[in-house]
Amino acid sequence: MTAQEIGDYNDIVTKLQAAIPAKRYPDVVLLEITRYGLFAEKGILENLTPYLDKDPLKEQLYDFALDVGKYKGSNYVIPFNSSTPVIYYNKALLRAAGLPDTVPLKNFNDLLGAAKTVQEKLGAQGKFGISPMGQFARWGIVMSNDSDLIDPVSNDVIVDSPKTIAAYEWMADLVRKYKVASVDGITDENAAKAQFTAGNVAINLDSTGVFGGFKKALGDDLGVAPFPCEAVCRVPIGGAGIGIISMIDVEKKKAAYDFISYMASPEANAIWFAATGYLPINKKTLDVKVAADAANKDEGITVSIKQIDYARGRPRPPVVTWMRKMEYGVWESVALGQKQVPEALKELAAQTKAQTD
Amino acid sequence: MIARLTPYAMVLPIVVFILAFTYWPILVSFDLSFRHWDFMSSEKPFVGLLNYSELVRSVEFWNSVTITLIFTAISVPLRLALAIAIARYLTTESKTVRALRGAFFLPAVTSSVAIAVIWSWIFSTDAGVANALLNNLGIAKVPWLQTPSLALWVIIIVNTWKQLGYDIVIYVAGLQAIPEDLYEAAKMDGGKRWHTFRRVTFPLVMPTTYFLLIVSVIESFQIFTIVDVMTQGGPAMSTDMMVNMLYRTGFTLFDVGKGSALAVLLFVFLVVLTVLKSRILGKRVHYEH
Amino acid sequence: MISIALENVSKSYQADTPVVKNVDLDIEPGEFVVIVGPSGCGKSTMMRMIAGLERISSGTLRIGGKVANDIPPQHRDIAMVFQNYALYPHLTVAENIGFSLEMRGVSKTERLRRVEVVAHLLQLSDYLHKKPKDLSGGQRQRVAMGRAIARDAKTYLMDEPLSNLDAELRSSMRAEIKHLHRQLKATMIYVTHDQVEALTLADRIAVMNKGVLLQFDTPEKIYDDPASLFVAGFIGSPPMNFIEANCKEGIVQTTKEGTRIPITCPPELEGEDVVVGLRPENGVLSAGDKRMAIEFRGEVMLIETTGSNRNIHAKTATGPLLIVAPRSAAIGLGDNVSIGYNTEDAFLFEKKTGKRIHLS
């Protein structure tokens, strides 16, 4: 087996799509959890339900893990890394701003309040209250406001619904109105991460999968809190799952499935969980010593596990892939104040609908 | 017979290579520009000129054409003027001068991605060196890459910085070909520095200037990597060059037909420019010295 | 017309290796001076210092009596003709000739007028709109001259201006330059390695070797009264014969059989090596008659006909000897001949220093 490093989730989609007509596709592929629908729809991914039905793994997997890999009732990918967004905060910065470590961050107002305090007290030193949201966190904020980009049941485009608009308004205001977030993170999500790990930002909403990296950078100053519940408590499930390309021969498919199944086993999943902070997907993962040790050592890593009850897979019709690409530009333009939120989201909704027709 | 065929056999590998990797893809994109396709579907329905007509009726297309033209119109003269100004001081052969030429040339052979990443840091609004320097002068933070009117300038600066060394080296070669006694004659004739430059140096490096002009215009139309890394065409499409639009259309939005149509338009334009280049260069006087 | 003076001028690019050494040179207003010497003797460097194209390392340059070391070239009122002409290849003949006027802000009509006058003078009127590459070598040379004289400068410098022309053109251009000098009445300094050019053109010749000015005098004086062994050998064609000898008992002597050089040595050279110089054109061929004071016996090895005369190369006991003989002399290869000179035709040099020893 040879592994190929491709790049980020967008790049994988691009490379895979371009590889198909050239018949240069891989045997198995890691796809982001909202972007595999495109390939399932076209018959490129193998239906894994028959394999799962014969595999004891099926009983070991959490429901959410099985659920996010389903497209139109069948399983097409099995999660490898799963995540929910959480709130990360820098305790040292909060303290320096005169806030307790335990400052409540339960809703949008709490976040804004804390961010404002930090900005007021420490802004002159080049510190920031909060990071601008990355796309995963943006989706989480929208869901927390009891809305979505696409209706999970009907698959209708609701990115221009009032509650979604309100969520974007709030996120954009952090930058354009309250100026508690750096503009650099808007045009470059990695810059937001880098500023947080450099100790220059107090609050950062991001995937639980970056826990390991953040912990390494900030050590005991890193605090983790559950994602805010504004209108409802609801978080998106992110990460990626492994699928099998349907065009390969039967023997290879069997081997490929064994690989996938192993990657979801308690032993493999435990190592991954402990190193990164991605969610355990196997009910027995936390029984494995390395995973249990990690959970005992720092409860921060367990925050996202506690969110599993109200975590939800996101809709994944083929158009989501397209829409997520367009959303970056929309967010950029509203956060930088170049466009009004309602106008920009209505435009995105119209384009997305046109794309589905 | 064998003797006659040998030369052909020897060029065969490169001919096959060029056919396979240059001409075949061109033909394929030409064909695809008349079709609808998303890479995965087995059908590629023929749609005639639909891709082209959609393209020329879209705001996005004319935006990227305009941005690319503005970029070219500013960065080409800027590059050439800076290059010749600097090259004039780098024509002598000494250790220092050679080191300086090397220093100027280094960015030209450095990976565009690396360069773009580093300049992104430099121009980052809250953590960048550029703003830190301005801050020392008492100037407020400038959101370089977040302001549509500034982002293009940043791209122009970075691209100029990268390409300048190449232009300088070519100009140095051009200037070195001008015999020293022409300058001495101009000195004796009473030419002041600017006059001498305008009436002697500049006309004599004209062939070099024409060459660089064409090459840099073509390069400007092909700019992609720096933009893709630094701004992805943003903010608000203010740096959306033609190749960025092409890549986005074809490879991230999977509208292969329209992407190919864009590629064909760009190709035709560059072919025209190249033909123009050989015409102009062919006609230029090659001075005897 | 203006005077130019060099006082103790030296030039070195690297310390300790000067290319021009302590030169004193006084050029009268309107004078035509030719600096002559073998390549690398420093003559071009000296001219370039006068032009202002090279800095003077030490010493003083005066133009019209004023110290000019730091005056930039364009303000010295000096025009220069370069060895390779240095014509601007992208400009027409007219533009080349008018270039210095253009640079000095002369109006276009005045420029055209002056260009036409100069072009007429140099017979370039038919070529004014051509580019240098469409001209012959001689025409280019004239354009280079034209560009210099259009300015009406007080001094003209010419750096081997004829070296790229063929022999025929060179001699006709020589005449033109001489003629021009008379018309322009300007000071001219002309650098060449060709002693014929020097002799024909100069009012005074400056002979240089290894960065040192050896003699500065009229052509006649230089020819008739060379100050050193080098000057004697460099000026004159064919070159002077040199015979090595020794001063013994107050008389120049060679140990060689069949040679008689009855010249008295000054007492201070007693026992020293000397060189006797004899110009080929003064030698007399006498088949056996012993009538001349100085005499060599030899065998004819080679005869070159130069037209009016013949150059006879003979092998003598003291080495090869060349004389110029009239065509009428009946002589053939392998003949044994006697070559004679008058004592007053002989030059005596100290071998060690090359210094001329004047015979009393």
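The structure displayed is predicted, hence computed values, not measured ones.
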Apply side-chain contact (heavy atoms from CB on, under 4.5 Å) to the pair C:Tyr156 and C:Leu184, showing each step before the final yes or no.
CA-CA 10 Å; C:Tyr156 293 88; C:Leu184 296 170; 4.0 Å; yes

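In this structure, chain B has a heavy atom under 4.5 Å from the side chain of C:Leu91, while its backbone stays farther away. Residue C:Glu95 touches chain B through its side chain alone, counting heavy-atom pairs closer than 4.5 Å. Proximity to chain B is limited to the side chain of C:Phe82, based on heavy atoms less than 4.5 angstrom apart.
Contact annotation for residues 113-129 of chain C against chain B (heavy-atom separation below 4.5 Å): no residues qualify. Interface with chain B: from residues 48-57 of chain C, residues C:Arg48, C:Ala51, C:Leu53 qualify, criterion being any non-hydrogen pair under 4.5 Å.
Tested against B:Trp161 for a side-chain contact (heavy atoms from CB on, under 4.5 Å), the candidates B:Leu82, B:Ile226, B:Ile115 yield a single pass: B:Ile115. Only one option out of C:Glu197, C:Glu160, C:Lys43 pairs with C:Thr192 in a side chain to side chain donor-acceptor pair (under 3.5 Å); it is C:Glu197.
The pair C:Glu102-C:Lys108 does not count as a salt bridge, with every side-chain nitrogen at least 4.0 angstrom from each carboxylate oxygen. Here B:Glu219 pairs with B:Arg79 in a salt bridge; the nearest charged N to carboxylate O distance falls below 4.0 Å.
Between B:Phe21 and B:Phe17, the ring planes lie tilted relative to each other; the angle falls in the 30° to 60° range.
Here the closest heavy-atom approach between residue B:Leu204 and residue C:Pro89 is recorded as CD2-CG, 3.4 Å.
Counting heavy atoms of neighbouring residues, nucleotides and ligands inside a 6.0 Å radius, atom CZ of B:Phe202 does not exceed 12 of them.
Listed by chain and number, the residues in a salt bridge (Lys or Arg N to Asp or Glu O under 4.0 Å) with B:Arg101 are B:Glu93 (sequence neighbours excluded).
C:Ser3 is not listed as a side-chain neighbour of C:Thr187, based on a closest heavy-atom distance of 4.5 Å or more.
When each of C:Leu87, C:Val81, C:Leu157, C:Asn84 is checked for heavy-atom pairs under 4.5 Å with chain B, C:Leu87 comes out on top.
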I'd like a table of donor-acceptor pairs (distance under 3.5 Å, sequence neighbours excluded) in which one partner is a side-chain atom from residues 26-35 of chain C, with atom names and distances.
| unit_1 | atom_1 | unit_2 | atom_2 | d |
| --- | --- | --- | --- | --- |
| C:Glu31 | OE1 | C:Glu28 | N | 2.8 |
| C:Glu31 | OE1 | C:Arg204 | NH2 | 3.1 |
| C:Glu31 | OE2 | C:Arg204 | NE | 2.3 |
| C:Glu31 | OE2 | C:Arg204 | NH2 | 3.2 |

